[in-house]
Engineer: 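Structure incoming, see below.
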Amino acid sequence: MSVIKDQKVPDVAAPTIINGELVLPNNQTKDNTNLNKTVSDGRLAVNSANLVAIFDQQNKLTGIRIVGETTNVGDNFVNNVSPVVRFYDKEGKSVGQKIAHETSTFLFHDLASKDKTLYDVTVDSPPQSDRVEIVFNTVSSSDSAIFESLKIASRSLETKNTTMGASESAQTVDYYIATGKIVNPFGFSVSDIAVYAWAKNSEGKVFGIGQADYKNDLIAPGQAVDFTIMVLPLQNGQKMSAYEIAAWGKEYKLSF
């Protein structure tokens with residue numbers, strides 16, 4: 001992430017990390033009086049935020065970790081918090097949003113009114129961006145929500161092969177890589193995304209299956225997410241004649 005230094009701090013609608021520093025709505029200070037003006041009842045206010053990049057052994061960015069302090073500025077008890085992290089380019093255009101998950105060493109506990117606590121969350125595979133915004137959503141999707149079918153905007157399937165077994169009895173086995181893009185066609189945000197791909201032979205029988213879950217992706221109406229799925233054969237010696245891809249997601253209710 002990069003932002004031109006000495007640039008006038010922009011107005012923000014939610015706590016936003018710009019050039020590594022937290023900017024609060026209306027450029028106000030971090031005291032509770034100002035936070036109460038920008039956060040409605042039952043919401044958590046972000047008092048501080050420190051962003052740390054996560055790299056793999058090949059020095060590739062694989063995630064970001066955000067650590068800070070939050071306060072329950074409302075009158076109601078808060079539990080089942082779902083951190084939403086949004087990403088923007090230099091012009092302020094949204095380039096995606098993710099549902100962050102609690103870092104493995106951290107557990108969020110229920111928070112009474114006016115109580116303050118630490119938060120420690122991680123976002124996997126963040127999009128390239130210049131600004132990061134974090135908001136705590138206190139109304140997550142219900143477990144009883146119905147899965148809705150998502151639109152497959154594009155798809156392709158590439159045949160791969162690998163050798164299995166000892167050299168004297170080795171066999172070449174085909175498998176497949178399905179890629180494409182799914183779009184949220186609804187008027188509400190969607191989470192808990194699951195994508196399925198399956199290969200069929202000339203008789204229409206399924207002989208290869210694959211699945212990918214994108215539980216941390218949060219797709220706004222009209223937005224898309226890319227998918228990559230490995231489709232593995234259940235039986236050797238089968239030839240693919242056709243393939244299918246389907247995706248589902250649940251409505252995600254935002255409290256802001």
Side-chain angles (χ1 to χ4, degrees), residues 1 54 56 58 60-64 82 84-101 122-133 141 145-162 172-235 238-254:
M1 298 180 298
I54 302 173
D56 62 14
Q58 286 72 44
K60 178 183 177 182
L61 180 69
T62 60
I64 58 172
S82 177
V84 175
V85 179
R86 290 168 169 165
F87 302 87
Y88 300 89
D89 62 16
K90 291 181 180 179
E91 286 71 40
K93 181 181 178 181
S94 172
V95 294
Q97 57 184 349
K98 294 269 189 176
I99 302 173
H101 58 83
T122 300
V123 177
D124 301 321
S125 304
Q128 185 175 356
S129 61
D130 294 275
R131 291 170 53 182
V132 177
E133 174 186 287
S141 57
I146 299 174
F147 275 95
E148 302 280 2
S149 179
L150 302 177
K151 178 182 177 182
I152 308 297
S154 63
R155 66 174 192 167
S156 64
L157 194 77
E158 182 180 2
T159 303
K160 302 279 190 177
N161 60 69
T162 186
T172 299
V173 177
D174 288 341
Y175 67 98
Y176 310 94
I177 301 294
T179 58
K181 189 183 297 289
I182 55 178
V183 173
N184 175 10
F186 305 110
F188 49 79
S189 295
V190 171
S191 65
D192 290 295
I193 299 159
V195 187
Y196 296 86
W198 58 99
K200 300 186 290 187
N201 62 19
S202 59
E203 298 177 346
K205 294 182 178 180
V206 175
F207 71 90
I209 59 175
Q211 175 187 353
D213 295 317
Y214 298 88
K215 294 185 179 298
N216 295 122
D217 281 281
L218 178 59
I219 310 180
Q223 289 191 333
V225 64
D226 296 323
F227 66 84
T228 300
I229 305 173
M230 180 180 291
V231 181
L232 300 176
L234 303 174
Q235 300 169 311
Q238 297 285 322
K239 293 298 182 181
M240 185 192 68
S241 180
Y243 71 95
E244 303 287 346
I245 295 175
W248 294 268
K250 286 183 179 179
E251 178 180 359
Y252 185 91
K253 297 179 180 178
L254 293 167

Engineer: More than 12 foreign heavy atoms under 6.0 Å from CD1 of Ile209: is that the case here?
Structural biologist: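 Open.
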Engineer: Quick one, Gln223 and Gln97 - any side-chain contact, counting heavy atoms below 4.5 Å?
Structural biologist: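 Yes, at least one pair of side-chain atoms sits under 4.5 Å.
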Engineer: What's the separation between atom OG in Ser241 and atom CD in Glu203, rounded to the nearest 0.5 Å?
Structural biologist: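 Result: 10.0 Å between the selected atoms.
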Engineer: Let me see the working for Thr179 and Asp226 under side chain to side chain contact (heavy atoms under 4.5 Å, CB included), right down to the final yes or no.
Structural biologist: CA-CA 7 Å; Thr179 58; Asp226 296 323; over 6 Å; no
Engineer: I'd like to check Arg155 versus Glu244 (side-chain heavy atoms, cut-off strictly below 4.5 Å). Are they in contact?
Structural biologist: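 Side-chain contact under 4.5 Å: yes.
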Engineer: Exactly one of Asn216, Asp124, Thr122 should register a side chain to side chain donor-acceptor pair (under 3.5 Å) with His101. Which one does?
Structural biologist: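 Checked Asn216, Asp124, Thr122 against His101; only one passes side chain to side chain donor-acceptor pair (under 3.5 Å): Asp124.
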Engineer: Indicate yes or no: at least one non-hydrogen side-chain atom of Lys98 is less than 4.5 angstrom from one of Asp217.
Structural biologist: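 Contact flag for Lys98/Asp217 side chains = yes.
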Engineer: Looking only at non-hydrogen atoms, find the nearest pair between Tyr243 and Ser156 and report the distance.
Structural biologist: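 Answer, listing the atom of Tyr243 first, then Ser156: OH-CA, 3.4 Å.
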Engineer: Of the non-hydrogen atoms in Phe188 and Glu148, which two are nearest, and what is the gap between them?
Structural biologist: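 Of all heavy-atom pairs spanning Phe188 and Glu148, the closest is CZ-CG, 4.4 Å.
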Engineer: What distance do Met230 atom CE and Tyr176 atom OH have between them, rounded to the nearest 0.5 Å?
Structural biologist: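 Between Met230 CE and Tyr176 OH, I get 13.0 Å after rounding to 0.5 Å.
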Engineer: Taking the side chain as C-beta and beyond, is there a heavy-atom pair between Phe227 and Ile193 under 4.5 Å?
Structural biologist: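 No, side chains not in contact.
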Engineer: Between Pro126 and Leu61, is any pair of side-chain heavy atoms under 4.5 Å apart?
Structural biologist: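 Yes - at least one pair of side-chain heavy atoms lies under 4.5 Å apart.
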Engineer: What closest approach, in Å, do Gly187 and Pro221 show between heavy atoms, and which atom pair accounts for it?
Structural biologist: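 Nearest heavy atoms, Gly187 then Pro221: C-CG, 3.6 Å.
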Engineer: Check whether any side-chain heavy atom of Phe207 lies under 4.5 Å from a side-chain heavy atom of Met240, and answer yes or no.
Structural biologist: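 The answer is yes; the side chains approach within 4.5 Å.
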Engineer: Would you name the heavy atoms of Phe147 and Asp192 that are closest together and state the gap between them?
Structural biologist: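 Closest pair (atom of Phe147, atom of Asp192, distance): CE2-O, 3.3 Å.
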Engineer: If we ignore hydrogens and angles and just use 3.5 Å, is the side chain of Asp213 paired with the main-chain N or O of Lys215 as donor and acceptor?
Structural biologist: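 Pair absent, no side-chain N/O of Asp213 close to backbone of Lys215.
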Engineer: Verify salt bridge (Lys or Arg N to Asp or Glu O under 4.0 Å) between Glu91 and Lys93, making sure each step is shown before the conclusion.
Structural biologist: CA-CA 6 Å; Glu91 286 71 40; Lys93 181 181 178 181; over 6 Å; no
Engineer: Which atom pair, heavy atoms only, marks the closest approach of Val231 to Tyr175?
Structural biologist: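 Scanning both residues completely, I find the closest heavy atoms to be O-CB, 3.6 Å.
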Engineer: Would you check, one step at a time, whether the test side chain to side chain contact (heavy atoms under 4.5 Å, CB included) holds for Lys239 with Asp174?
Structural biologist: CA-CA 9 Å; Lys239 293 298 182 181; Asp174 288 341; 3.8 Å; yes
Engineer: Going by heavy atoms in the side chains, are Ile99 and Tyr252 under 4.5 Å from each other?
Structural biologist: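 Result yes, sub-4.5 Å side-chain heavy-atom pair found.
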Engineer: Which pair of non-hydrogen atoms, one from Ala220 and one from Ser189, has the smallest distance, and what is that distance?
Structural biologist: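 So the minimum-distance heavy-atom pair works out to CA-OG, 3.9 Å.
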Engineer: Would you check if the side chain of Asn184 reaches a backbone N or O of Ile219 as a donor-acceptor pair within less than 3.5 Å?
Structural biologist: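 The answer is yes, because a donor-acceptor pair under 3.5 Å joins these two groups.
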Engineer: Only one of Leu150, Ile182, Val183 forms a side chain to side chain contact (heavy atoms under 4.5 Å, CB included) with Val190, so which one is it?
Structural biologist: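 Output: one option passes, namely Leu150.
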Engineer: Applying salt bridge (Lys or Arg N to Asp or Glu O under 4.0 Å), can you list everything that pairs with Lys160, at least two apart in sequence or on another chain?
Structural biologist: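 Partners of Lys160 by the salt bridge (Lys or Arg N to Asp or Glu O under 4.0 Å) criterion, ordered by chain and then number, come out as Glu158.
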Engineer: Which value, rounded to the nearest 0.5 Å, describes the distance between Ile152 atom CD1 and Lys181 atom NZ?
Structural biologist: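 Separation between the atoms: 12.0 Å.
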